[in-house]
Amino acid sequence: MPKGKPAGVRCIQLDEQNACLLFGKPERPPVCGQFAPEAAVCGKSDGEAMATLIDLEQLTA
Ligand code: SF4
């Protein structure tokens with residue numbers, strides 16, 4: 001996304017299965033590659049991950 005992904009906005013690079021369309025490509029933002037998935041953030045489902053992300057965005061707003 002040209003100016004970065006705003007909080008609360010779905011990344012335009014996610015496909016219908018929530019997979020990154022830029023994964024493995026040089027144009028993927030460095031910050032995305034620096035994030036290491038872990039259970040505390042990702043949870044056990046898309047829904048758990050989304051709830052955690054919303055909480056973190058609100059805590060850091
Ligand atoms: S890894 Fe980065 S570019 Fe890919 S979908 Fe997630 S936020 Fe978007």
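When a ligand or atom number is given, it counts from 1 through the structure's own listing order. What you see below is based on every heavy atom in this structure, not just the backbone, and it leaves out hydrogens, waters and symmetry mates. Numbering of residues begins at 1 and proceeds along the displayed sequence.
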### Query
Leaving waters out, which protein N, O or S atoms fall under 2.8 Å from atom 8 (Fe) of ligand 1?
Cys11 SG
### Query
Any non-hydrogen protein atom below 4.0 Å of atom 8 (Fe) of ligand 1?
yes
#### Entry: Atom pair CG/CD1 of Leu59 and Ile54 - distance to nearest 0.5 Å
12.0 Å
### Query
Restricting to pairs with a member in residues 18-43, which pass side-chain hydrogen bond (donor to acceptor under 3.5 Å, both in side chains), not counting sequence neighbours?
Arg10-Asn18, Asn18-Asp46
### Task
May I ask you to check whether over 12 heavy atoms, not counting those of Phe35, lie within 6.0 Å of atom CZ?
yes
## Note on the structure
Closest heavy-atom pair, Leu22 versus Pro29, reported as atoms and distance to 0.1 Å, is CD1-CD, 4.1 Å
### Task
Carefully, step by step, assess Lys5 and Ile12 under the rule side-chain contact (heavy atoms from CB on, under 4.5 Å).
CA-CA 9 Å; Lys5 190 195 83 54; Ile12 60 172; over 6 Å; no
### Least distance between heavy atoms, Met1 atom then Pro6 atom
CE-CD, 4.2 Å
